[in-house]
*Asks:* 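Below: one structure in structure tokens.
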Amino acid sequence: MFNTHSFGQVEKSPKLQKVTILVDDSYPPYSYLSDGSLYGIYVDLVKQAAYLLRDTYKIDLQPVPWKRGVAALEQGEAFALMPPYIHMKKRPFIWPYSVALQEEVVVAFCNKGFTLIDVLSRSVTDPPINVGLNAGFMILDEALMEAQKRGKIKVWENKNTKANILKLGKKRIDCYINDRLSTLIGINNMKRSHPDIDTGNFLEDKTILRRTAHIGYLKEGNDKFPFKNDFINKMDDALSTILERQEDGVGSE
């Protein structure tokens with residue numbers, strides 16, 4: 001359980017400003033909690049950027065269930081959250097977003113016999129397709145949102161990737177939508193932890209969308225977090241530096 005009163009608190013040191021960024025604790029390989037520590041591609045990236053800002057800011061990456069992290073930002077309790085996609089209309093409480101950390105490809109994996117391709121053309125007599133999502137994830141395209149309105153799909157929010165893949169394997173859901181890489185890693189983990197589950201029944205079905213992941217900041221946070229603009233600018237510069245080094249094949253300091 002995280003302490004909602006500690007987000008963005010100022011340390012007594014006159015030099016270093018403490019900044020807390022909430023991080024999805026169950027989104028491998030990008031960010032995940034293991035044995036009490038945070039790991040992942042985005043975690044490593046932000047840690048490297050934090051090192052460049054070490055003379056000004058002390059950055060604390062705090063693991064949190066995704067839906068709870070989104071709620072903390074919506075309620076104005078948190079300063080920043082990683083790694084949301086940009087949803088300015090659906091999440092008006094987040095602004096701005098950092099430079100892109102990476103592009104993710106969101107796909108559907110379905111059990112054999114089910115498909116979300118041309119889902120709107122399904123007969124009205126066909127039962128709805130049960131679709132699993134990670135709780136708090138907004139990753140349906142327009143066709144799927146329309147299909148949900150028309151009752152052609154039924155959406156179930158489950159705790160995380162592991163829970164969704166397990167339900168897919170037990171045929172409690174027909175399809176699961178999430179980032180491709182995260183799902184593939186989850187399927188491989190499922191093969192080891194649940195050898196009784198036939199993952200060979202899963203088929204990649206449809207590319208839903210491509211989105212960039214970011215650090216999202218509390219929109220109305222300037223009074224509560226007076227360092228907001230300075231931090232965002234410095235973090236963007238640091239992230240850009242690290243990303244350029246990665247492109248050039250240069251290691252971190």
Side-chain angles (χ1 to χ4, degrees), residues 1 22-46 61-70 81-85 101-117 119 127-141 143-144 147-148 152-213:
M1 178 68 75
L22 302 185
V23 182
D24 190 343
D25 68 359
S26 187
Y27 192 37
Y30 303 108
S31 61
Y32 59 97
L33 193 62
S34 179
D35 296 327
S37 297
L38 262 176
Y39 299 94
I41 295 169
Y42 298 152
V43 173
D44 290 343
L45 174 59
V46 173
L61 301 182
Q62 192 165 334
V64 62
W66 180 250
K67 198 167 184 177
R68 195 187 303 171
V70 173
L81 175 68
M82 181 173 82
Y85 301 152
L101 306 177
Q102 184 171 307
E103 183 182 68
E104 298 177 19
V105 181
V106 175
V107 301
F109 280 82
C110 296
N111 278 311
K112 289 178 182 177
F114 295 92
T115 180
L116 296 178
I117 298 171
V119 67
I129 295 174
N130 292 296
V131 177
L133 297 179
N134 287 9
F137 277 40
M138 294 180 178
I139 50 177
L140 298 182
D141 61 12
L144 290 173
Q148 184 182 18
K152 293 181 182 291
I153 68 170
K154 190 168 184 179
V155 174
W156 302 89
E157 288 194 49
N158 298 302
K159 183 179 179 182
N160 52 30
T161 301
K162 181 180 179 180
N164 272 295
I165 293 173
L166 189 59
K167 290 191 176 186
L168 189 65
K170 293 183 176 181
K171 300 187 178 178
R172 295 177 184 169
I173 56 175
D174 306 314
C175 298
Y176 170 48
I177 298 174
N178 192 20
D179 167 73
R180 175 189 282 133
L181 183 56
S182 183
T183 304
L184 289 172
I185 289 173
I187 291 171
N188 284 333
N189 290 339
M190 188 64 61
K191 289 177 182 177
R192 293 193 296 271
S193 62
H194 292 78
D196 54 311
I197 298 291
D198 182 14
T199 57
N201 201 44
F202 303 162
L203 298 174
E204 184 173 332
D205 177 65
K206 176 187 178 182
T207 298
I208 308 299
L209 47 82
R210 293 174 181 270
R211 290 289 186 272
T212 50

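What's counted below: heavy atoms across the whole structure, side chains too, no hydrogens, waters or symmetry copies.
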*Asks:* Side-chain contact, heavy-atom cut-off 4.5 Å: K191 with N188?
*Replies:* yes

*Asks:* Mind listing the closest non-hydrogen atom pair of P83 and L101 along with its distance?
*Replies:* CB-CD1, 4.3 Å

*Asks:* Do the side chain of S31 and the main chain of D24 share a donor and acceptor less than 3.5 angstrom apart?
*Replies:* yes

*Asks:* Indicate yes or no: at least one non-hydrogen side-chain atom of D25 is less than 4.5 angstrom from one of P65.
*Replies:* yes

*Asks:* As a quick check of understanding, evaluate side chain to side chain contact (heavy atoms under 4.5 Å, CB included) for N201 and K171, giving each step before the final call.
*Replies:* CA-CA 10 Å; N201 201 44; K171 300 187 178 178; 3.5 Å; yes

*Asks:* Looking only at heavy atoms, what is the nearest atom pair of V119 and A143, with distance?
*Replies:* CG1-O, 4.4 Å

*Asks:* Can you tell me how far apart NZ (K152) and CG (L116) are? Round to the nearest 0.5 Å.
*Replies:* 13.0 Å

*Asks:* Under a 3.5 Å distance rule, please check whether N130 uses its side chain to pair with a backbone N or O of D174 as donor and acceptor.
*Replies:* no

*Asks:* For Q102, is there any backbone N or O sitting under 3.5 Å from a side-chain donor or acceptor partner on T212?
*Replies:* no

*Asks:* Answer yes or no: is there a side-chain heavy-atom contact under 4.5 Å between D205 and F114?
*Replies:* no

*Asks:* Identify, with sequence neighbours excluded, every residue that meets salt bridge (Lys or Arg N to Asp or Glu O under 4.0 Å) alongside D141.
*Replies:* K206

*Asks:* Nearest 0.5 Å, please: how far is CG in L168 from CD1 in I187?
*Replies:* 7.5 Å

*Asks:* Are the side chain of E157 and the backbone N or O of G136 linked by a donor-acceptor pair below 3.5 Å?
*Replies:* yes

*Asks:* Quick one, R180 with T207, criterion side chain to side chain contact (heavy atoms under 4.5 Å, CB included). Give me CA distance, side-chain angles, the key distance, then yes/no.
*Replies:* CA-CA 9 Å; R180 175 189 282 133; T207 298; 3.9 Å; yes

*Asks:* Output yes when a side-chain donor or acceptor of N134 lies under 3.5 Å from a complementary backbone atom of F137, and no otherwise.
*Replies:* no

*Asks:* Any chance you could measure M82, atom CE, to L61, atom CG, to the nearest 0.5 Å?
*Replies:* 5.5 Å

*Asks:* Could you give the distance from CG (D179) to CD (E104), rounded to the nearest 0.5 Å?
*Replies:* 4.5 Å

*Asks:* Is T183 close to E204 at the side-chain level, that is, under 4.5 Å between some pair of heavy atoms?
*Replies:* no

*Asks:* Please report the shortest heavy-atom distance between T161 and S182, naming the atom on each side.
*Replies:* OG1-OG, 3.7 Å

*Asks:* In terms of side-chain heavy atoms, does Y176 have a donor or acceptor partner in N158 at a distance below 3.5 Å?
*Replies:* no

*Asks:* Between K112 and G200, what is the shortest heavy-atom contact and its length?
*Replies:* CE-O, 3.6 Å

*Asks:* So does D196 have more than 12 non-hydrogen atoms from other groups sitting under 6.0 Å from CG?
*Replies:* yes

*Asks:* Within this structure, what is the OH-CD distance for the pair Y85 and E103, rounded to the nearest 0.5 Å?
*Replies:* 9.5 Å

*Asks:* Verify side chain to side chain contact (heavy atoms under 4.5 Å, CB included) between F109 and N178, making sure each step is shown before the conclusion.
*Replies:* CA-CA 8 Å; F109 280 82; N178 192 20; over 6 Å; no

*Asks:* Which pair of heavy atoms, one from P63 and one from L33, lies closest together, and at what distance?
*Replies:* CG-CD1, 3.8 Å

*Asks:* Pick out which of I177, V155, V131 makes a side chain to side chain contact (heavy atoms under 4.5 Å, CB included) with L144.
*Replies:* I177

*Asks:* So, applying side chain to side chain contact (heavy atoms under 4.5 Å, CB included) with Y32, which one of Y39, Y27, Y42 is it?
*Replies:* Y39

*Asks:* Less than 4.5 Å apart, side chain to side chain, heavy atoms only: is that true for P29 and I41?
*Replies:* yes

*Asks:* Return the CD to CG distance between Q62 and L38, rounded to the nearest 0.5 Å.
*Replies:* 9.5 Å

*Asks:* Considering residues at least two apart in sequence or located in another chain, which fulfil the salt bridge (Lys or Arg N to Asp or Glu O under 4.0 Å) criterion with K170?
*Replies:* none

*Asks:* Given N164 and W156, is the side chain to side chain contact (heavy atoms under 4.5 Å, CB included) satisfied, shown in steps?
*Replies:* CA-CA 9 Å; N164 272 295; W156 302 89; over 6 Å; no

